[in-house]
A.B. asks: 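Below is a structure I'd like to ask you about.
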2 protein chains.
Amino acid sequence: MPTMSDVARAAGVSVMTVSNVLNGKPRVGAETRLRVLEVVDELGYEINLSARRLRSGRTGAIGLVVPRFDHPYFGDLAARLSSALASTGRHLAVEQSDASKEGELAALSLARLQTYDGVILSVVGLGYADIDRIRPSFPVVLLGEQHMPPRFDQIHIDNITGARLATEHLLDRGARRIVMVGGGDEGHASMVTLRTRGWELAQQERGVPVDDAAVLPLDRFEMSSARIAVRALLARDPSIDAFFAITDQVAMGVLAGIHDAGLRVPDDVQVVGFDNLALGEFTMPGLTTIDPSNAWIVENAVAALDRRIADRDSAPQHLVSPVHLVERGTSRASRAAPSP
Amino acid sequence: MPTMSDVARAAGVSVMTVSNVLNGKPRVGAETRLRVLEVVDELGYEINLSARRLRSGRTGAIGLVVPRFDHPYFGDLAARLSSALASTGRHLAVEQSDASKEGELAALSLARLQTYDGVILSVVGLGYADIDRIRPSFPVVLLGEQHMPPRFDQIHIDNITGARLATEHLLDRGARRIVMVGGGDEGHASMVTLRTRGWELAQQERGVPVDDAAVLPLDRFEMSSARIAVRALLARDPSIDAFFAITDQVAMGVLAGIHDAGLRVPDDVQVVGFDNLALGEFTMPGLTTIDPSNAWIVENAVAALDRRIADRDSAPQHLVSPVHLVERGTSRASRAAPSP
DNA sequence: TTGAAAGCGCTAACAC
DNA sequence: GTGTTAGCGCTTTCAA
């Protein structure tokens, strides 16, 4: 495996010249540059990023830490981030925080974070203390709703507004008994707590009494858990005429549960999700949902990270991404024909 | 940011002793070990992985390179791999090969691969030449059907058998005109070519004439492309009574297209997919599909990689993962009632 | 425009 | 059981 000195020797120059050529430094003769590049090609030389990092600090790699690889929401986020970074000559590596919790080295260990120039960290499921251990000087942007040390940049989704839009929409379309699937009060600002709060607020504002029994908590936000819970609930309470699912994935399970119960969507029961996964266009009928503006989130996360990489002491930003309702067929049309 | 010498100084020992403690080397006094660990904790020391890698070669990180982050098949694979590796004290970082093609440094650049102890590379969409540039000594396991330099370990899915099972199943259930969605002949052993071949073989064996016009090629294996193509096709050819979709994601689009055309599944048209995504349990009706045995693939990929990391000259293995049919509601029941 | 020296933080190899 | 020495491959600094 050739090193920079091998290249230097073969090209008859010093290692510094090779380094300068490879880093695009200006003060190199055109002829020298050409010769070096030829030798690089010839020997198949590739730079050792560990050595570069040890000396200079940079790697060109950005990390994204997500709860799970197999959740489509994070797949979408990662793909968008990857494209955004590729256009600036960097690249993305994605790690999962869930699976490694048991290991000695958490995905959050500084050791691992340090291999990146900066990290975007989805804090779903992570505690304040986990995050507080991260050295303040390390460039991190947090994604998520939890209350986190304010010294970090953080981007929230406007969960309350989103949940409110969803619930108001269902009320507008004639729903009278809306079950909040995956809801609850976790005692702190979390996705679950906030979306449930939005669901409550919308009802209060419309003068609809909020029934705590209409919150259907879920152990895990998986399709199968939701399906089973919804099927059982519908069997014992036929008055339910709508579901607000805490995520689109849960909504998929809700749709299946409704189908299992022999009911029709949206005629018997209406459904609204949250996330606007690509998938939602392809359920039958299409899933009405809340769009959390992933493009906006990615754009601002990269900007915040770049700002922090450039200046580690810049004031931390706390941003809230806009949300909007995407109407499809799982909720009833107001007057016009429903969209496909 | 404290270094190992800081720890050594504070603990009144040499850096080597600190290193030995942190690496769990046996020949360290119990008292010394304890003192070192205390100081590590106190200073918040974390090892510098770049330095370790530069010196020793290992990082504890395994790379997985996939075509796209937002394809659920790879999400599933990544999650499984991550768990498998976590149990051996290592961790997984996932990179995307698609987005960076335009960049100077491909995801395949040795520079980037080198930051891992070993890499599992999904070769969908990558060319022979791309892969051939990888230094033979670097531990890589290839995942995919393309013809690749035989010096690499490679794991294939048994695409022909899978496609055959799918097609035979449709024939068994009374289908007479089966469209292969996403099929084609790419002129070399690729997922597309092989699955199409299996579809042909099954028909030939049953004495059903193979109609080349029944291959519906797709630019991209996305739900929306499939949906549009299927809708259009059904409009002009009502004799179609089944679709074999090249992937489950395509199958999702096929189901939507059939629905758009006002036909019912499985009564009017039957559908079989390929991948056995979790999603397939939640379409209505559930998606009949081919299971490519991801658990088997992950287990064997890790084993092959470990073998190669341990001995870079071990003979390359070419493995074929078993496939089987998963019957759900998009194909007709033979005699018993259909599963949910 | 090019090069020599120093050292980033760690561990292999060997001494004690 | 613990310490010393050397050096992984690169870039920073400074000199030529």
Side-chain angles (χ1 to χ4, degrees), chain A residues 1-37 39-40 43-61 105 109-115 117 135 137-138, chain B residues 1-37 39-40 43-61 105 109-115 117 135 137-138:
Chain A
M1 176 132 301
T3 71
M4 215 176 244
S5 352
D6 296 331
V7 175
R9 201 174 317 113
V13 296
S14 76
V15 279
M16 262 329 291
T17 301
V18 178
S19 173
N20 286 332
V21 169
L22 262 39
N23 287 294
K25 294 283 163 64
R27 312 175 151 245
V28 181
E31 230 173 278
T32 316
R33 158 167 285 124
L34 220 64
R35 186 146 34 90
V36 167
L37 290 176
V39 174
V40 162
L43 298 186
Y45 169 77
E46 301 243 19
I47 197 156
N48 181 322
L49 289 176
S50 298
R52 169 185 279 177
R53 177 166 211 315
L54 183 57
R55 192 65 249 242
S56 76
R58 79 209 130 73
T59 60
L105 295 167
S109 85
L110 186 55
R112 271 170 61 181
L113 296 186
Q114 265 179 340
T115 61
D117 291 345
R135 209 165 295 275
S137 66
F138 186 76
Chain B
M1 176 132 299
T3 71
M4 214 175 245
S5 350
D6 295 331
V7 176
R9 200 173 320 110
V13 296
S14 75
V15 278
M16 261 330 288
T17 301
V18 178
S19 173
N20 286 332
V21 168
L22 262 39
N23 287 294
K25 293 283 164 62
R27 312 176 153 246
V28 182
E31 230 174 280
T32 316
R33 159 167 284 124
L34 218 64
R35 187 146 33 90
V36 167
L37 289 176
V39 174
V40 162
L43 299 185
Y45 169 77
E46 300 244 18
I47 197 156
N48 182 322
L49 289 175
S50 297
R52 169 184 282 176
R53 179 167 207 319
L54 183 56
R55 189 62 246 241
S56 74
R58 79 210 130 73
T59 60
L105 295 167
S109 84
L110 187 56
R112 272 170 62 179
L113 296 186
Q114 264 179 341
T115 61
D117 290 345
R135 209 164 295 275
S137 65
F138 186 76

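Just so we're on the same page: letters track the sequence lines, and every chain starts at 1.
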A.B. asks: Quick one: what's the B/S/- string for nucleotides 3-9 of chain C, heavy-atom cutoff under 4.0 Å, read 5' to 3'?
C.D. replies: BB-BBBB

A.B. asks: Atom CZ of B:R58 to atom P of C:dT11: distance rounded to whole Å?
C.D. replies: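 The distance from CZ of B:R58 to P of C:dT11 comes to 7 Å, rounded to the nearest Å.
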
A.B. asks: Between A:I47 and B:Q114, does the side-chain contact (heavy atoms from CB on, under 4.5 Å) criterion hold? Intermediate values first, please.
C.D. replies: CA-CA 9 Å; A:I47 197 156; B:Q114 264 179 341; over 6 Å; no

A.B. asks: Rounded to the nearest angstrom, tell me the gap between atom CZ in B:R9 and atom P in D:dG3.
C.D. replies: 14 Å

A.B. asks: Measure CG/B:D6 against P/C:dC10 and give the value in whole Å, please.
C.D. replies: 9 Å

A.B. asks: Testing B:V13, B:V28, B:V15 one by one against B:N20 for a side chain to side chain contact (heavy atoms under 4.5 Å, CB included), which residue passes?
C.D. replies: B:V28

A.B. asks: Please, what dot-bracket string fits DNA chain C when only Watson-Crick and G-U pairs with both distances under 3.5 Å count, crossing ones use [ ] and pairs to another strand use |?
C.D. replies: ||||||||||||||||

A.B. asks: Is the shortest heavy-atom distance from the side chain of A:V40 to the side chain of A:V7 under 4.5 Å?
C.D. replies: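 A:V40 vs A:V7: side chains touch.
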
A.B. asks: Taking the side chain as everything from C-beta on, heavy atoms only, tell me whether B:E46 gets closer than 4.5 Å to A:L113.
C.D. replies: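 No, their side chains stay 4.5 Å or more apart.
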
A.B. asks: Mind checking whether B:T3 and B:N48 have side chains closer than 4.5 Å, heavy atoms only?
C.D. replies: no

A.B. asks: Tell me whether the OP1 or OP2 atom of C:dT2 has a side-chain N or O from A:K25 closer than 4.0 Å.
C.D. replies: no

A.B. asks: What's the CZ-C1' distance between B:R27 and C:dC14, to the nearest Å?
C.D. replies: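 Result: 13 Å.
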
A.B. asks: Report yes if some heavy atom in the side chain of A:T115 is under 4.5 Å from a heavy atom in the side chain of B:R53; otherwise report no.
C.D. replies: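 Result no, sub-4.5 Å side-chain heavy-atom pair not found.
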
A.B. asks: Side chains of A:T32 and A:V21, heavy atoms from C-beta outward: is any pair under 4.5 Å?
C.D. replies: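 No, their side chains stay 4.5 Å or more apart.
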
A.B. asks: Determine the sole option in B:V39, B:L22, B:V36 for which the side chain to side chain contact (heavy atoms under 4.5 Å, CB included) test with B:Y45 is passed.
C.D. replies: B:L22

A.B. asks: Please report the distance, rounded to the nearest Å, between CD in A:E46 and P in D:dG9.
C.D. replies: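 In whole Å, D:dG9 P and A:E46 CD are 15 Å from each other.
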
